[in-house]
Amino acid sequence: MQIADTHTHLYFTSFDRDRNEVIKRNKKSGIDLEVQIGVDEITSIAALDLAKKHDHMYCTLGVHPCDTENCFHPNPQYLPQGFGNYKLQAQNFDELFSLFEKLTEQNPHKIVGFGETGLDLYHKNTPELFQLQKDIFRRHISLSRKFEKPIVIHGRNSQKEMLEFLSREINPGIKASKIPGLGKVTGVIHCFSEDTEYANIMTQKYGFYLGIGGVATYPNARKVREAIVSTPIEFLVTETDAPFLVPQGHKEQTKRNESSFLPEVVTLIAELKKISQEECAEILFQNARKLFQIPPG
Ligand SMILES: [Zn+2]
C-alpha cells in the first residue's frame with residue numbers, strides 16, 4: 001500500500017531528537033511521498049533541504065497566514081535544526097517572493113507548490129493583519145499562475161471570507177484558463193474541516209482537492225465525514241499536518257503526529273467510500289501525484 005502525506009512539517013523542532021527514525025517508520029508504513037510545507041522563509045528553505053535529501057520528499061514555499069506578521073522576526077526558539085545561524089535573505093515580502101521565484105526556477109522538480117497560505121480568523125487577528133493575510137495570499141496565487149503549480153490553502157474560522165476572496169481572486173473553470181495570465185489555479189484545501197456545502201464549492205467550482213487528515217477521525221467531526229461521503233474520491237488526498245492533529249486512534253499513545261499514522265485515515269476514507277483499503281490507498285496516492293504533478297517514479 002502506497003500512501004502520500006501531502007502536508008507535513010518534518011523540519012519542526014519537535015522532530016529534532018528522532019527525525020531519521022520517524023522517516024524510517026513512515027517508510028515502513030507505506031509513506032512513499034511526503035510534501036514538506038513551508039510557513040516562512042527559514043522553514044521553506046528547511047523544507048527544500050529535506051526534499052533534496054530524500055527521493056520521496058517534495059516541498060512547497062510559502063508564508064502561513066499566522067506567520068505573516070512575524071515573518072521577518074522568526075522566534076529563535078523554533079528554528080529548524082541546523083538553522084541556528086541562518087541569516088534571513090529577505091527583509092520584506094517583495095524580496096521574499098523574489099527569493100521564492102528564484103528557488104523555484106532552480107529546483108523545479110522538488111518545489112511542487114506554494115503555501116501554506118490563506119485566511120485565519122481563529123488566532124489573533126486585526127483588520128490590518130487580515131488585510132496583510134489577503135495581500136500575501138494574492139502573492140501565492142500569482143506564483144501559482146506563473147509556475148503552474150498548486151497552492152496549499154489554510155483556512156480557519158474564515159469560511160465566508162474565503163469564499164468571497166476566492167470568487168474575486170480566482171476565475172474558476174475553463175473560460176478563465178483561456179485568458180493569458182489568468183490560467184486556472186489548482187490547489188488543495190488543507191486540513192479540510194468544513195461541511196458538504198463548502199466541499200462542493202471547493203471541488204466543483206474551483207476544482208480544488210480536499211486534504212483529509214486527523215480531524216476527520218475525531219468523534220465530533222460528523223460533518224467532515226458526511227462531506228467525505230458526498231465528495232467524489234477523485235478530489236481527496238491524505239495529509240497529517242504533522243506534528244499537529246494526531247488521529248483519534250493514536251491520541252493516547254502520543255501528542256505528536258507523524259505520517260506513519262496515516263493508514264488510520266486511509267481506513268476511515270475506505271469505510272466511508274465502501275471500497276477496499278487497497279483500492280482506496282491507490283486512488284488517494286494517484287490523486288496526490290496529480291495534485292502536485294509528480295511523475296510516477
Ligand atoms: Zn500546516
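Computed from a predicted structure; not experimentally measured. We count ligands from 1, going down the list as the structure has it; atoms in each ligand are counted the same way.
Contact check for Gln204 versus Pro232: side-chain heavy atoms found under the 4.5 Å cut-off.
Nearest to the Zn ion (ligand 1), among the N, O or S atoms that His7 has, is NE2. Within Glu116, the N, O or S atom at minimum distance from the Zn ion (ligand 1) carries the name OE2. In Asp241, the N, O or S atom that comes nearest to the Zn ion (ligand 1) is OD1.
Put simply, His190 stays out of reach of the Zn ion (ligand 1), with no N, O or S atom under 2.8 Å from it.
Classified by interplanar angle (parallel below 30°, tilted 30° to 60°, perpendicular above 60°), the ring pair His140/Phe97 is perpendicular. The aromatic rings of His54 and His56 lie perpendicular to each other, with more than 60° between the two planes, well past the 30° mark.
Between Glu226 and Arg222 there is a salt bridge, with a side-chain nitrogen of the basic residue lying less than 4.0 Å from a carboxylate oxygen of the acidic one.
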